[in-house]
Amino acid sequence: MEASANHKYVRGSPRKVRLIADLVRGKSVEDALAMLSIMPQKAAKQVGKAVKAASANAENNHDMVASELRIARIFANEGPTLKRFRPRARGRVSPLLKRSSHITVVVSDEEELLGP
């Protein structure tokens with residue numbers, strides 16, 4: 001059985017969030033949260049929130065045991081970009097793109113991951 005959680009409009013580029021997501025993909029939820037708690041990256045905290053939410057959804061909505069959960073799928077898609085401008089020399093401007101991400105985490109029982 002699977003349970004998922006979406007963490008939307010996270011301020012941080014999807015490229016940076018994907019680097020963190022790649023590290024925890026396939027790991028157990030406990031191991032992933034332990035890894036994410038000691039990482040210095042800002043995106044690690046946001047990915048940790050999404051993993052905790054998916055784990056809580058699995059426990060409360062599907063009566064799954066938290067210690068048996070693994071991260072089946074995790075991905076970060078691009079969210080909306082805030083377009084701002086920075087003043088430059090001689091009256092010109094440069095664009096600032098403040099990117100955001102949508103993080104999706106799917107957790108599953110260990111038996112489901114092994115499959116037939």
Side-chain angles (χ1 to χ4, degrees):
M1 186 169 284
E2 292 182 342
S4 66
N6 293 323
H7 195 47
K8 299 179 88 174
Y9 306 105
V10 173
R11 277 281 290 121
S13 73
R15 182 177 178 183
K16 293 176 184 177
V17 176
R18 284 184 197 121
L19 291 173
I20 304 300
D22 291 343
L23 294 175
V24 297
R25 186 176 291 119
K27 301 222 184 306
S28 70
V29 170
E30 294 171 347
D31 292 343
L33 290 174
M35 283 177 58
L36 293 169
S37 67
I38 60 171
M39 286 184 175
Q41 288 87 353
K42 189 170 86 169
K45 185 175 181 179
Q46 302 299 326
V47 171
K49 284 183 180 182
V51 170
K52 283 181 188 175
S55 174
N57 287 343
E59 287 182 66
N60 294 322
N61 300 342
H62 302 292
D63 296 324
M64 299 162 76
V65 180
S67 60
E68 296 178 359
L69 295 176
R70 295 185 86 69
I71 299 176
R73 293 187 300 277
I74 182 170
F75 50 91
N77 291 329
E78 190 173 352
T81 301
L82 299 174
K83 294 171 179 73
R84 303 291 183 258
F85 295 100
R86 176 171 300 274
R88 305 305 285 195
R90 302 161 90 182
R92 298 177 183 175
V93 294
S94 293
L96 277 180
L97 300 178
K98 298 187 175 194
R99 301 184 189 274
S100 66
S101 307
H102 298 320
I103 303 170
T104 302
V105 180
V106 178
V107 295
S108 176
D109 289 346
E110 289 180 333
E111 296 84 30
E112 287 288 322
L113 281 179
L114 299 176

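In this structure, Arg25 contributes its side chain and Ile74 its backbone to a donor-acceptor pair below 3.5 Å. Side-chain atoms of Arg70 do not come within 3.5 Å of backbone N or O of Val107 as any donor-acceptor pair. Panel note: side chain Asp31, backbone Lys27; no donor-acceptor pair is recorded below 3.5 Å. Without hydrogens or angle criteria, Asn57 side chain to Ser4 main chain gives a donor-acceptor distance under 3.5 Å. Proximity of a side-chain donor or acceptor of Ser100 to a complementary backbone N or O of Pro80 within less than 3.5 Å is detected.
Looking at every heavy atom in both residues, Asn77 comes nearest to Arg18 through CA-NH2, 4.3 Å. When all heavy atoms of Ser55 and Ala66 are compared, the closest pair comes out as OG-CB, 4.4 Å. Taking all atoms of both residues into account, the shortest heavy-atom contact from Ala3 to Ala54 is CB-O, 4.1 Å. Nearest heavy-atom pair, Lys83 versus Leu97, reported as atom, atom and distance to 0.1 Å: CG-CD2, 3.9 Å. Here the shortest heavy-atom pairing between Ala50 and Ala5 reads O-CB, 3.8 Å.
A donor and an acceptor atom, one from each side chain of His102 and Glu78, are nowhere located under 3.5 Å apart.
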Can you check side-chain contact (heavy atoms from CB on, under 4.5 Å) on Arg73 and Glu2, steps first, answer last?
CA-CA 10 Å; Arg73 293 187 300 277; Glu2 292 182 342; 3.2 Å; yes

Start with the C-alpha gap between Leu33 and Lys52, add the side-chain angles, then the distance that decides, and say whether side-chain contact (heavy atoms from CB on, under 4.5 Å) holds.
CA-CA 8 Å; Leu33 290 174; Lys52 283 181 188 175; 3.8 Å; yes

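Using a 4.5 Å cut-off on side-chain heavy atoms (C-beta onward), Arg84 and Leu82 make contact. Using a 4.5 Å heavy-atom cutoff, the side chains of Gln41 and Lys16 are not in contact. Within the 4.5 Å cutoff, side-chain heavy atoms of Met64 are placed close to those of Met1. Taking the side chain as every heavy atom from C-beta outward, Val17 and Val47 approach each other to under 4.5 Å.
Residues Ile20 and Phe75 do not share a hydrophobic cluster, clusters being chains of Ile/Leu/Val/Met/Phe/Trp/Tyr side chains in contact below 4.5 Å. Under a hydrophobic-cluster definition in which Ile, Leu, Val, Met, Phe, Trp and Tyr are linked whenever side-chain heavy atoms come within less than 4.5 Å, directly or via other members, Val106 and Leu23 are assigned to different clusters. Residues Met35 and Ile71 are members of one and the same hydrophobic cluster, defined by side-chain heavy-atom contacts under 4.5 angstrom among Ile, Leu, Val, Met, Phe, Trp and Tyr. Note on Val51 and Met39: same hydrophobic cluster, where clusters join Ile, Leu, Val, Met, Phe, Trp and Tyr whose side-chain heavy atoms are under 4.5 Å apart, directly or indirectly.
In terms of the salt bridge (charged side-chain N to carboxylate O under 4.0 Å, His left out) criterion, Glu30 has no residue partners (sequence neighbours excluded).
Among pairs with a residue in residues 33-63, none fulfils ring pair (Phe, Tyr, Trp, His ring centres under 6.0 Å), at least two apart in sequence or across chains.
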